[in-house]
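In what follows, a single structure is set out as structure tokens and then discussed.
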Amino acid sequence: MSTAARPATSPARAPSGRWRDVPIAANSAANSNVRPPPTVAERLIAAAATSPEVHEWIARQIKAGRKPSEILVLLHQPVLH
């Protein structure tokens with residue numbers, strides 16, 4: 001009996017209609033380094049980390065009941081003086 005590790009498998013339906021184990025996609029290791037786009041929460045946290053003033057402003061907006069997505073929109077609007 002071999003002590004070598006078996007490759008990871010996943011059940012799949014063969015063309016004959018029977019279930020069989022097939023190796024998990026070979027490119028799954030390559031895709032493990034792909035990061036999904038940041039969530040609204042992650043983007044808001046990153047924006048808050050830019051300066052204490054921005055952090056305080058975001059905190060006030062949240063306490064006022066604004067949605068995080070609305071706050072991000074406001075952050076990216078140009079400021080007119």
Side-chain angles (χ1 to χ4, degrees):
M1 187 165 201
S2 173
T3 58
R6 287 184 57 205
T9 59
S10 173
R13 192 173 292 273
S16 66
R18 295 184 183 165
W19 286 97
R20 62 187 172 91
D21 282 342
V22 295
I24 293 177
N27 66 353
S28 63
N31 290 336
S32 66
N33 292 331
V34 177
R35 180 171 160 78
T39 64
V40 171
E42 290 171 331
R43 290 170 39 211
L44 199 57
I45 291 167
T50 58
S51 74
E53 294 82 13
V54 172
H55 183 278
E56 292 170 10
W57 182 83
I58 290 172
R60 286 193 306 271
Q61 299 305 308
I62 291 171
K63 288 176 187 173
R66 286 203 190 267
K67 295 179 182 178
S69 57
E70 291 177 313
I71 298 170
L72 286 173
V73 169
L74 292 172
L75 276 172
H76 293 91
Q77 286 182 347
V79 179
L80 300 175
H81 294 279

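One is the number of the first residue; the rest follow in order along the sequence. In this text the structure is predicted, and so the values were computed from the model without any measurement.
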Quiz item: Is it the case that one hydrophobic cluster holds both Leu74 and Val40, taking links as side-chain heavy atoms less than 4.5 Å apart, direct or via other members?
Solution: yes
Quiz prompt | Common cluster, Val73/Leu44, ILVMFWY with side-chain heavy-atom separation under 4.5 Å | solution = no
Quiz item: Got a second to check how far Ile58's CD1 is from Ile45's CD1, nearest 0.5 Å?
Solution: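 Those atoms lie 9.5 Å apart.
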Quiz item: Rounded to the nearest 0.5 Å, how far does NE2 of His76 lie from CZ of Arg43?
Solution: 7.0 Å
Practice problem: Measure across Ile62 and Ile71 and return the closest heavy-atom pair with its distance rounded to 0.1 Å. | Solution: CG1-CD1, 3.6 Å
